Structure formats: C-alpha cells, structure tokens
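Here is the structure we will look at, set down as structure tokens.
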There are 2 protein chains.
Amino acid sequence: MPNIDLADERYRVQSVARAAALLELVADAGPQGLGVTEMAQGLGVAKSTALSLARTLAAAGLLRSLDVGARYGLGLNLLRLGDLASQQTSIGELGLPILHELSRATGMTARLAVNENGYPIFLERVDGGGPVRFHAPLGQREEPHCTAAGKAILAQMDEADVRRLIDEAGMRVHTPKTLSTVEDLLGDLERVRQVGFAIDDEEESEGVFCAGAAFFDHHGRCAGALSVTDLKLDVPLREVQALGLTVREHADRLSMALSGSSRAARR
Amino acid sequence: MPNIDLADERYRVQSVARAAALLELVADAGPQGLGVTEMAQGLGVAKSTALSLARTLAAAGLLRSLDVGARYGLGLNLLRLGDLASQQTSIGELGLPILHELSRATGMTARLAVNENGYPIFLERVDGGGPVRFHAPLGQREEPHCTAAGKAILAQMDEADVRRLIDEAGMRVHTPKTLSTVEDLLGDLERVRQVGFAIDDEEESEGVFCAGAAFFDHHGRCAGALSVTDLKLDVPLREVQALGLTVREHADRLSMALSGSSRAARR
DNA sequence: GTCGAGTGTTCGGCATAACAGAACGCTGGT
DNA sequence: ACCAGCGTTCTGTTATGCCGAACACTCGAC
C-alpha cells in the first residue's frame, strides 16, 4: 500500500502513529475484526501494548469491541468524523446537491473526486436508481490513467507534469482497453480538452462505463472532477455525447459555486 | 457533549487518548480548522505537545494541514475509514438497498440507525426527492426519547432498562411536544409495541415529522431502526397509519435479510 | 518605519508513562 | 482430561512523550 507521507518526519509521537497503523490494520481485516494477538503481530509489538492501544481507541469510539471485549472492528465515530471531513472540505458541501441532481438527471451513480496532486480521491457518492451498486469506497485514491475522473484531472495539467505523475503512478493494465503508453494517454487527454469531458470505456473494469468532467476553484485551478458510472450495456453509444455534456454542465455549475458567487471564502 | 466511556478505564495510553480528543476538537472547529495554539488550549497541553500530535495525525491522514503547515482540518483518510466502518457493520450493506426503496416508496428522507446500548446511531441516509434536505450527520448518536428511531429501539427493551437508560441520557425538552416524563414515554412505547412503529410528531424539531420501526438480527435482538423524515406539512394526518406500516414492512424485510431467511422475531 | 502581540517552530532535560515479557485464567477443540 | 490458543493482568525498566523557555516569523497599530 503506497501511503507516502511527505509531512515532516520530526516530532512524531510513537504511540499515536501505532494507533493510526492499528486503525488501518483493522480496516483491512474486514467484518470479523481483529483479536489482540493478531494486532500485536501486525504491529510488531507485545500483546499488552496492542491491548492498551485498542482499549484507548475503543473508548474514543474509533474502534468498537464486537463480541464482549474480544475482537475489535472499526468504530462508528469514524463515520461521523468522515462525514464531517467531507462537509468541511466545502467542495463536498457545495458539491453534494449538484451530485444529487447529476445522479437524477442521468439515472447513474454519480461521484465527486478532489484533485490531490493529480490523483482523484473520491469524496462523495450518490447511487443511481439501478439495481447494480458500484462499490467504490469513499476516500480512496484512484488511478489517474484509467478512470474518467483521473483523466479529466490529467487533461488540465501540462504535459511535463502528466509525464512526471505517470512515471510515479505507473499505468497498470486492467483490461484489454486500458491505455498502456503515455503517448496514447496524451492523445486521449487532447481529445478530453476538445470535448470537455473524459470517457472511461471499460478501461478500468470490464463492462463498466464512466464519464467525467473537471471543476475548478476560485483560482481557476483544477480542484477535482465529477463522474458518472454505469454498466456499459445501459449506455447506448449514441448517447455518450449527450451524457458527457450533462456531466460537464454539472461540473461547470460546481465551478461557479466554488468561484464564490454565494460563499464568503475569506477567513 | 456527553461522551460517556463505558469501556474499562484501565490500560489507557495517554497520548492516543489525547490524539482522539484532538480529532473531536478539530471536528467541532469547522471548515477553517484549528491552529496549534487553539489545540493546546483545548486539550490543556503545551503547544509543542499539540504540534507533535497534530503532525503525527497528519502523517496518518487523519488530519490534513490546510495552509502550508499552519492550520489543521480533518483528514480525508477519515472518509475512507468511516465508509469501511459502515460496510463492515454489514447492516449498512444489507440495509442500503432497502433504504433506497423505502425512500422511493414514501418520497421522504430515509435513514438507518443501529442500536448502540439503546442509543440510535445513524449509519446510512438516502435523501428524498423533495427540495428540503435534512442534514443529520452520519455516525451521530441521537437522543432516544424524542426521535422515531430512538423510541422504536426503546420499545424493544424492558422497562427497567429503559428507566436506566433515560436516567443516564436525560429527557431534554426541544419543543412543546417533547415527552418530558418517563411515564409519558413508557406509555408511548406501549403504543409503539401495539402498532409496530414509532412516531416523532414535532418532538425533536418543530415542523418535522418522523416515523420509525425496529429491525432485528439473527438472534432476535433489536439491531437498530429504519426511519423516514419529512416536513409535517407534507404528511397528511390520515396517512400516518399507512406510512408507519410501510416503514415497518421495510424494517421487517431487513430483519429477514439479517436473519438469513425468515423469523421476524417480535417480542 | 518601528514596535509589539500574536502566531508556529525548535530544542534539551526530566519524570512520567508507555512498553515488553512472563504469568494468569479462560474457552473450545481433540 | 488434556493441551493449545486466546484475552487479560501485573511489575520493572527505560525509552519516550511531555513541558517550558527561547526562537523565528507575520501581521497590525501607531
């Protein structure tokens, strides 16, 4: 898991860092949770240490004991904090209503991603009406080269930055349609700039179609992208153009909202 | 805020507890975030201590520095962890489709709460089609005595437990219609058991109407409640009975999903 | 332009508090 | 009945997290 933290290495507190690592460990463990022995192994500490950490986190609601005192899973306080985190990002707050409208207008699952150094991080999701649910976790950092949101963001960067980013992120191949060379990608990004929206046509996942468009903050910098997702079967080819324009139109509305017609961005 | 810790007081690690308190502090601070000095004051520690905690949390993605190294807000990793927390509860996963249907069937905002020691904690929310959005944050622990979900859950507990819980939680009065004595509440709970659903008729918030019904896990224990919310203006009095039954019916379906097959255990 | 009051940051030393390890009960499988 | 595995408890030791004081910087007032 590439969790690279460019923050200052100095002034770390060991037990808190271990507690955070424990949260990740439990998150990876799945619904059945983790016992102290597993925690201790995973963290490389003594059992008693793991127990102290778990108890403390549980008291704060960041973990919860599943059985009586035995195994631990993620706590429900994380839900509240996560919800607040997306609201406080203010992009999430402003974007959520627009996301609902986009979902209703297209009948598809709509998502909002913010731009973190070129990577899309999904902040909000509104499920469409259909029977199929697309199970992309919020807060997840997606790959730039094979997702609609990622390419919509890349299309706003200059070529040198794109090359540098791809050099770092790589271009993992998921399906036969995944773009696998930088030249192919750059060509596609040029197309994105012309039409104003990006397409992911089974490039990340077989049978899944996405369309995305970037939005911009009050500095005019690309702040993120909106996207819609559905089964490719349900997206008639001749409607792709209209669909893309709908996404772009909603993204433009978010850009306007962010550029401060209503909101006092000061302070 | 009453953040009661029923976990064992022993074996706590101080710095982790402080870090968790810091998360709460930042959550309360709002979008502009917190500076080191404010953190230190809020926690009652030295500035350098607060800085170490914040840096460590930021490195784990639980906080993020808003400006360059100055103020801190909630981190986006919380979003991912919160999302995973609700998925791992498996009630959320099974309940979401039913929640969508309930929202569509009623046209109202539908919510799913789990039962945490008698308190309802909202895990999922699906907004209705109407123009008004009810902005209750996910993961929030609601009051038992004045919410539909809360009373639906209370109605499944025996009287002694209800008295004990109310003794702890209190019965804050929000509107003229809020039930303010335990006897009134117990009478209402008896009515809930008879009809199979609970009503919040402007008891928590003026002008807002809710209906809720409990659902049960495979042990037959009350695992939580579904509820719908709308403006009281939009809920004709004569439709309350039908509305309540619709909510109860969806709750029963969730009970069945949770128990694997049948047995909608009602005590 | 100068001063100050408010930040965030750095550093070193002391005492605390966090850690490891071994021993204790418990439960469930064989 | 046994052992193997778990979660839990306790005590000593030393690393570690903590404080406080001093530093660097950014504003605003005068």
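Note that the structure is a prediction, hence the values are computed from the model and not measured. So you know, we letter chains A, B, ... as the sequences are listed, proteins then strands, and number each from 1.
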(message) Rounding to an integer number of Å, can you tell me how far A/Arg55 CZ sits from D/dG7 C1'?
(response) 9 Å
(message) Looking at B/Arg125 and A/Asp83, is any side-chain nitrogen of the basic one under 4.0 Å from a carboxylate oxygen of the acidic one?
(response) yes
(request) Could you tell me whether the side chain of A/His145 and the main chain of A/Arg172 form a donor-acceptor pair under 3.5 Å? (result) yes
(request) Using atom CD of B/Gln41 as one end and atom P of C/dG8 as the other, report the distance to the nearest whole Å. (result) 10 Å
(message) Using the side chain to side chain donor-acceptor pair (under 3.5 Å) criterion, which residues pair with B/Thr56? Sequence neighbours excluded.
(response) none
(message) Whole angstroms only, please: what is the CD-P distance between A/Glu38 and D/dG5?
(response) 14 Å
(message) Could you tell me how far apart A/Arg71 (CZ) and C/dT27 (C1') are, to the nearest whole angstrom?
(response) 14 Å
(request) May I ask you to check whether B/Tyr72 and B/Glu38 show a side-chain donor-acceptor distance below 3.5 Å? (result) no
(request) Whole angstrom is fine here: how far is it from CE in A/Met39 over to C1' in D/dT8? (result) 14 Å
Tabulate atom names and distances for all N/O pairs under 3.5 angstrom spanning the protein and nucleotides 14-20 of chain D.
| from | atom 1 | to | atom 2 | distance (Å) |
| --- | --- | --- | --- | --- |
| D/dT16 | OP1 | A/Gln14 | NE2 | 3.2 |
| D/dG17 | OP1 | A/Gln14 | N | 3.1 |
| D/dG17 | OP1 | A/Ser15 | N | 3.3 |
| D/dG17 | OP2 | A/Gln14 | N | 3.3 |
| D/dC18 | OP1 | B/Arg18 | NH1 | 3.3 |
| D/dC18 | O5' | B/Arg18 | NH1 | 3.4 |
| D/dC19 | OP2 | B/Ala46 | N | 3.2 |
| D/dC19 | OP2 | B/Thr49 | OG1 | 2.4 |
| D/dG20 | O6 | B/Ser48 | OG | 2.8 |

(message) Closer than 3.5 angstrom, by distance alone: can the side chain of B/Asn77 be matched with the main-chain N or O of B/Leu62 as a donor-acceptor pair?
(response) no
(request) State the dot-bracket string of DNA chain D. Criteria: Watson-Crick or G-U wobble, both atom distances under 3.5 angstrom; notation: ( ) intrastrand, [ ] crossing earlier pairs, | interstrand, . unpaired. (result) .|||||||||||||||||||||||.|||||
(message) Could you work out, with side chain to side chain donor-acceptor pair (under 3.5 Å) as the rule, every residue matching B/Glu143, not counting sequence neighbours?
(response) B/His174
(message) I'd like to check the side chain to side chain donor-acceptor pair (under 3.5 Å) partners of A/Arg64; sequence neighbours left out, ordered by chain and number.
(response) none
(request) Kindly write out the residues that satisfy side chain to side chain donor-acceptor pair (under 3.5 Å) with B/Ser15, not counting sequence neighbours, or none if the list is empty. (result) A/Ser15
